[in-house]
Number of protein chains: 4
Amino acid sequence: MTTSPAIPSSAGSRSTAIKTREIRGVICPLVTPFQRDGSLDEVNLRRHVSFQIAAGVDAIMVTGGCGEFFALDDEERVRAAEAAVAEANGRVPVIVGLLAPGTAEVARLALRMRPIGADAIMVLPPYYVTPSRAGVEDHFRRIAGAAETSIVLYNNPRRTGVNLDTPMLDHLAGLPGVVAVKDCDRDLCSIAEKIDHLAGRIAFLSGDDDLGCHSLRLGAVGGVWALVNLLPKLFVKMSRAVRNNRVAEAESIHRKLLPLIRAVLIENHPGPLKELLLEAGRPVGTGRPPLQPMTPLQRRNASGALARLMGRSAPSGRKRR
Amino acid sequence: MTTSPAIPSSAGSRSTAIKTREIRGVICPLVTPFQRDGSLDEVNLRRHVSFQIAAGVDAIMVTGGCGEFFALDDEERVRAAEAAVAEANGRVPVIVGLLAPGTAEVARLALRMRPIGADAIMVLPPYYVTPSRAGVEDHFRRIAGAAETSIVLYNNPRRTGVNLDTPMLDHLAGLPGVVAVKDCDRDLCSIAEKIDHLAGRIAFLSGDDDLGCHSLRLGAVGGVWALVNLLPKLFVKMSRAVRNNRVAEAESIHRKLLPLIRAVLIENHPGPLKELLLEAGRPVGTGRPPLQPMTPLQRRNASGALARLMGRSAPSGRKRR
Amino acid sequence: MTTSPAIPSSAGSRSTAIKTREIRGVICPLVTPFQRDGSLDEVNLRRHVSFQIAAGVDAIMVTGGCGEFFALDDEERVRAAEAAVAEANGRVPVIVGLLAPGTAEVARLALRMRPIGADAIMVLPPYYVTPSRAGVEDHFRRIAGAAETSIVLYNNPRRTGVNLDTPMLDHLAGLPGVVAVKDCDRDLCSIAEKIDHLAGRIAFLSGDDDLGCHSLRLGAVGGVWALVNLLPKLFVKMSRAVRNNRVAEAESIHRKLLPLIRAVLIENHPGPLKELLLEAGRPVGTGRPPLQPMTPLQRRNASGALARLMGRSAPSGRKRR
Amino acid sequence: MTTSPAIPSSAGSRSTAIKTREIRGVICPLVTPFQRDGSLDEVNLRRHVSFQIAAGVDAIMVTGGCGEFFALDDEERVRAAEAAVAEANGRVPVIVGLLAPGTAEVARLALRMRPIGADAIMVLPPYYVTPSRAGVEDHFRRIAGAAETSIVLYNNPRRTGVNLDTPMLDHLAGLPGVVAVKDCDRDLCSIAEKIDHLAGRIAFLSGDDDLGCHSLRLGAVGGVWALVNLLPKLFVKMSRAVRNNRVAEAESIHRKLLPLIRAVLIENHPGPLKELLLEAGRPVGTGRPPLQPMTPLQRRNASGALARLMGRSAPSGRKRR
């Protein structure tokens, strides 16, 4: 057994009775607003939280990938989480993204986040270090021990090189504290199988904007989608349409969203998304380094896609092409 | 232009006259020894440094992947670097690995490392965040600005999902401070092309144990290889054999090493390597979480490969198989 | 413009009024039965055709991958197609698989198949040779010209290394003669997008057994699945359940099939499938070289999966696991 | 044991004493010339053979990938092989490429080629059908049985999706008749390991133009390179330079070739190569379908690269860049 003084834990004090409000539905992975001088902009962050809640989202996430986790220092991560929790004020669950590669670093951050009272933290499997499967489990178990909050697993194999497959998720779903998985798996059979296997145990949340509508149709209970930042009502409407079995309406919304998704979720994410938010009258500052501004071509594509979407956003019923 | 108060820089004070001793030859990426209670073991770290220098390595690296960068906290990273620099005491160059994904975090760490006086820091391209090529350059430029030391680029596409290809390296080689690249590229044409293009500008260092001998034959000026921790003299001998055009001798050493490389550099690296170091009478503690102990089968394979290597380590000239 | 005497064509005589019965629903890719001495067994092939039609399949395919196209010579391919068409006798459409890599060879075969009067031929994009996108279109256009029958496109990127993506299919759907695509794409967004884009123009047919149920739920109009050979009624039932919006029933059938699919569709396909057909009392001979018999472990897995499926095939409503 | 009347064999008559002249050095994979009307041009094929032999190549290959195997019918394949063997007239060994995916088809072709008296046939592992490892061996064993000539294995994983790794080659090298492997593996360690393991048993031939020089430096005994068609003397010179330990000269030739290799070996290969041969005054006709002519941009790139290479082909000794 490996020992590690570097990983804090609550040494047995952990209550087994963590009660989380259910994490499901449309979840907004908040961008982190910055001021002109580049510093954290808590005023606009709180505004953005209330804007999202007013638009009907079911939960919010702070300091995830959209929130530029890697560009924030620990102080800023804590302040952003505090601001989000305070502004949400219990209206919707708040999830805090802790995306660092190492077990020890995530555990330390989880410990610092405890007093804030977020509903859950979202954690990647250990990446870069390539442990065995037992090591992946060990990672989540130790972090859960330090966190004293619910855990949302995050599977993003294209970015981390590590895949949480069905047997692995099946196993991790049994760890204390694990309540959901945000999954960027793209394989149709694998997605459907995970939804089936995890049903009734933990929530399967779609993690890619372009898979959202289809994943809900296949039984996913919710999703974390970047463009919710920009168009929360449209995602809420799509989600409700699937839930109420109005598949044609849901598909029609997805069809409108897809060109925008492809124009925005390119390199330098969430930089382009922040530029569009400004265009839409919701200033959140620019992305921090190493993110770069959109090229003129990228901007033309993205603005064009947004304009076309807006022009057609009335429920026209007209057939594409 | 993006601004970022989160990234420290030396604001113009940076001397353009950084003088690094050449980084080339056999470089040991030191494992980080831990004590029984899991805490940093600076005594054994210093012993390991002097053992390596006595064995003839040309440079040492501390807190790289072999050094469990992700399992250390900032305090420990600084202390490990200080111990290595103090012990090396100018006898060989010391490189400090700063492997975090984000620009800001690496820049902050680089700033903290400045007073220690290491010869270089080793930095990955920004990973997880997938910036544009301009963003990759921005990343290294900002970190070089904060570091006031030489930069070793680190290309490890299988672990990071980001590839520094020949045109990118060609470009980065022109940034101030960049003196070398540790490269885990495995494509024969690409490796040879990089060696050719970078010759006379920055040092091409092989980054995979199993590519070491071949890369040297193709013109690489050195390498950073995990098993140097265990068998420094053998790597020094191989390297010298290539330099002196004794290809058959070099190949013979490589042939002996290959089974051990394959048995040790598996999941949970550098855990298995640390277990073998103990077996070889050089205790460095175990790997920290999420690394796991070897399974009995893995241990049998690794110990067997080491024993076979040792039994044949005399220059017998006998033909394999 | 390239010229080629090697590619036959009907030189303008091609009627633009090819009328195909619709190709959709459950399609059986017939295994090709062989006799004890290894020669083509037309008697059992015809029996298998009528067995499938009696079980309710909507179409049959002969000399596809399941039919060991590559192990047959031209004479046998023609005889197998003749037998299938004669036995089907208009009860269901018959598709002939022509899976050769080269344009000229497929066109020659298509010409030979003309007199037989099958409803369609199924054709892969040119593989091994890696032409440009214009070359892919040229390939299908020339073959359609030679065939004078409908064309089913076949996208199987894992086997051919060539991918027919949405824009390519969008384009090919406009070629004269193209009526359907059998697609082994596994990406959820791509599958849903293809179904959406091709709707009303050509039929999207699922090409992987493990994607069948989900693809139908997403709007695919049918599928070509290997295990239909063994369990046609179960696939017909699943397909009907989706069509009649009984999703839970369809999913339950899929859940029963999945372990068998995984045990059978391994290396040496369709060898293992033929062994199971024998076990089920429907002898079709063994696979031709280079296919190998199942290992004892594989056979135990496959037989076990089939037995478990049969034991549970009554609509018990019991929950899996 | 599977039986197959479809696969001819020489039923025990096979002499175990096949004697092949050694296959090594610079091998030209001949393009197949076509006449204006698209038919096989044996006159120019024979001219091309003698041109290559006069230029100093060590062996020639006919009806390989460069020879558009998939665009030829069996009659043409036989005629091309006959023409090449007759023209070579024993001056250099002749290899016949038989690239079909299926065991039976290759065996049938091998049988037809017997009377021609080529020195060897080149055969891919069975592709598309994905047999087990035992099936791969079975494939080569059966074809060797039918061929009564030497076998050159051909590993081209990017085109076939099947990889012949070191253990597999180690095993296949022991089959009767196997004398060489043409390998497109790109992994440095794997290439070096194969060269080492196969030394003294079968010849390791480099199969990618851009890997040629480096592979020779690592110990490959020869290579099959597309651009030998265009510049045989340059490849002969490079090969001789490596053999005589004039590495700088060899590298300098490689450096000149690389831009041309990249401009020509793109989609539609060998179409662009045939266009350049025409430009160089050696008309061989165009590529057959599905190959397409170069786009204007591709042509500009390719012609430019050739012109720059010619302008510098004198042994100037000037340093690149």
Side-chain angles (χ1 to χ4, degrees), chain A residues 1-7 34 36-40 65 68-73 76 99-105 107-108 124-142 156-161 266-269 271 286-293 295 298, chain B residues 1-7 34 36-40 65 68-73 76 99-105 107-108 124-142 156-161 266-269 271 286-293 295 298:
Chain A
M1 173 60 191
T2 53
T3 61
S4 179
I7 300 187
F34 297 124
R36 279 275 165 107
D37 65 0
S39 63
L40 183 66
E68 293 174 77
F69 175 84
F70 294 102
L72 304 173
D73 63 26
E76 293 172 322
L99 306 187
T103 309
E105 188 180 352
R108 271 195 305 272
L124 290 157
Y127 57 102
Y128 193 91
V129 292
T130 59
S132 59
R133 292 175 83 92
V136 174
E137 181 190 332
D138 190 31
H139 172 82
F140 286 112
R141 194 184 287 278
R142 285 174 189 270
N156 196 339
R158 280 167 303 159
R159 285 182 188 261
T160 63
I266 46 173
E267 56 185 20
N268 292 312
H269 171 69
T286 57
R288 280 188 179 170
L291 304 184
Q292 303 295 304
T295 64
Q298 288 173 341
Chain B
M1 175 59 191
T2 52
T3 61
S4 179
I7 300 187
F34 298 123
R36 279 274 164 107
D37 66 1
S39 63
L40 183 65
E68 295 176 73
F69 175 84
F70 295 103
L72 304 173
D73 64 26
E76 293 172 322
L99 305 186
T103 309
E105 188 180 352
R108 270 195 304 274
L124 290 157
Y127 57 102
Y128 193 91
V129 292
T130 60
S132 59
R133 291 174 83 92
V136 173
E137 181 191 332
D138 190 32
H139 172 83
F140 285 111
R141 194 184 287 278
R142 285 174 189 271
N156 196 339
R158 280 166 304 160
R159 285 183 188 259
T160 62
I266 48 173
E267 55 185 19
N268 293 310
H269 171 69
T286 58
R288 281 188 178 170
L291 303 184
Q292 303 293 304
T295 64
Q298 288 172 343

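Proteins come first, then strands; the chains are lettered A, B, ... in the order of their sequence lines, and each starts at number 1.
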Which atoms of B:Tyr127 come close to chain A, meaning under 4.5 Å heavy atom to heavy atom: side chain ones, backbone ones, both, or neither? side chain

Who wins among B:Gly161, B:Ser132, B:Gly135 for the most heavy-atom pairs under 4.5 Å with chain A? B:Ser132

Chain A interface, residue from B:Pro101, B:Gly65, B:Gly271, B:Gly102 that has the most non-hydrogen pairs under 4.5 Å: B:Pro101

Working to the nearest 0.5 Å, report the span between CD of A:Glu105 and CD of B:Glu105. 5.0 Å

Heavy-atom closest pair, residues [X] and [Y]:
| X | Y | value |
| --- | --- | --- |
| B:Asp138 | A:Pro289 | OD2-CB, 3.9 Å |
| A:Pro290 | B:His139 | CB-CB, 4.1 Å |
| A:Leu72 | B:Arg108 | O-NH2, 4.0 Å |
| B:Ala71 | A:Ala104 | O-CB, 4.1 Å |

Most heavy-atom pairs under 4.5 angstrom with chain B, which of A:Leu99, A:Thr160, A:Val129? A:Val129

